[in-house]
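Notes follow once the structure below has been shown.
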Number of protein chains: 2
Amino acid sequence: MPGKGDECAREVLDVVPTVMRFIRTEMRSHRALELSVPQFRSLVIIERAEGTSLAGVAAHLGLTPPSACKLIDGLAGRGMVTRKESSGDRRRVTLEITAQGAQALASARKASQKSLSRLLGALDAEELSRVTRAMSALRRVFEGRS
Amino acid sequence: MPGKGDECAREVLDVVPTVMRFIRTEMRSHRALELSVPQFRSLVIIERAEGTSLAGVAAHLGLTPPSACKLIDGLAGRGMVTRKESSGDRRRVTLEITAQGAQALASARKASQKSLSRLLGALDAEELSRVTRAMSALRRVFEGRS
DNA sequence: CCAGTAATATTAGATTATCTAATGATTAGA
DNA sequence: TCTAATCATTAGATAATCTAATATTACTGG
């Protein structure tokens, strides 16, 4: 018997990579900002949870610690993030976003939302609301499972 | 003024990479099939449009020709796709999926849909239908723009 | 017909993302 | 205290992606 989510699964499998590619291309297209999607997401996390650790970033993004480490290397090398000692636990690294990082994040976020928003503007109000609520449902289902 | 798609854009930007990561991890987790998402998508295209060219794959996936070329290299090296001469245009390459490729595709598709479907099963019928229709809307909006 | 332009695929070379395995340092617990 | 677990990193591999450069083949306007 086909599960009740089968048709939906097929759609998700087809559409999500397409939208993802758009987002990736979009992010890279902004000269001088040039954040990759994982870099962008890292900055979002670090800004929101100031003082998070490398393990924190890895967990939120669903990455292994070495992957997160290299990702942060890249951001630190561009002066967008700093690593500090954690008081109390000297194994741990405390991550903080720099002014420059915060600015890059704000610009990238604005530009990406704008260009996504422009495309989504082709939908009528009902569809738009449906998409928004569908995204919430997907977030509930997928977050933590990456 | 904020565009009418702004909130939706924010959601998409947050949720799509999360779902994408799940799909990627899921695809790689099936030993012996081990198709990456781009490989999977290439096979889908080649199976559907038998005899397509390298440029055809590139266009459908939103890749540059060199990227598509390497992708096909990988699939050809694993015996899942063949390159043939095109009658009529000798620059062109005709791509065909092999029996082995078709079998790998079928298995990967089945496994991925199953595991996606299992997660999506947590949604109630109304939400599921909303997500399905939202995916259709997104496909309309994004396809071609990658 | 032929000279130049366009199209198709590829190679070369770079960057980034991701993994697993191994290492180092520090903390926590029996 | 000594052993375990935890946190970050380094090392090394593979894959996806890009741009630029290079054939090869087809098309087109004089």
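Quick note on labels: first sequence line is chain A, next is B, and so on, each numbered from 1.
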State whether the number of non-hydrogen atoms from other residues, nucleotides or ligands found under 6.0 Å of [X] atom [atom1] is greater than 12.
{"X": "B/Glu126", "atom1": "CD", "answer": "no"}
{"X": "B/Glu96", "atom1": "CD", "answer": "yes"}
{"X": "B/Arg139", "atom1": "CZ", "answer": "yes"}

DNA chain C: 5'-most and 3'-most nucleotides touching chain A, 4.0 angstrom heavy-atom criterion: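 The protein-touched segment is C/dT16 to C/dT27.
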Just checking [X]: base, sugar-phosphate only, or nothing, at a heavy-atom cut-off of under 4.0 Å?
{"X": "B/Gly56", "value": "nothing"}
{"X": "B/Pro38", "value": "sugar-phosphate"}
{"X": "B/Ser36", "value": "sugar-phosphate"}

No-H, no-angle donor-acceptor pair, A/Arg91 side chain to D/dT6 base, under 3.5 Å: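 Side chain to base: pair present.
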Complementary nucleotide of D/dT19, counting Watson-Crick and G-U pairs under 3.5 Å: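 D/dT19 is paired with C/dA12.
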Base paired to C/dT27 (Watson-Crick or G-U; both N/O distances under 3.5 angstrom):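 Partner of C/dT27: none found under 3.5 Å.
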Distance-only donor-acceptor check, side chains A/Thr132 and B/Glu11, under 3.5 Å: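 The answer is no; no qualifying pair exists.
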Short side-chain N/O contact to D/dT24 OP1/OP2 from B/Arg92, under 4.0 Å: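 Indeed not, no polar side-chain atom of B/Arg92 lies that close.
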Under 4.0 angstrom between A/Arg83 side-chain N/O and D/dT9 OP1 or OP2: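 So the side chain of A/Arg83 is within the cut-off, an N or O lying under 4.0 Å from OP1 or OP2 of D/dT9.
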5′-ward residue of the pair A/Pro66/B/Cys69 relative to DNA chain C: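 First, find each residue's nearest nucleotide; the 5'-ward one identifies B/Cys69.
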Within residues 39-49 of chain A: residues closer than 4.0 Å to DNA chain D (heavy atoms):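 Those residues: none at all.
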Where the chi angle of D/dA16 falls, syn if within 90° of 0 and anti if not: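 You should classify D/dA16 as anti.
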Between C1' of D/dT17 and CZ of A/Arg21, the distance in whole Å: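 In whole Å, D/dT17 C1' and A/Arg21 CZ are 9 Å from each other.
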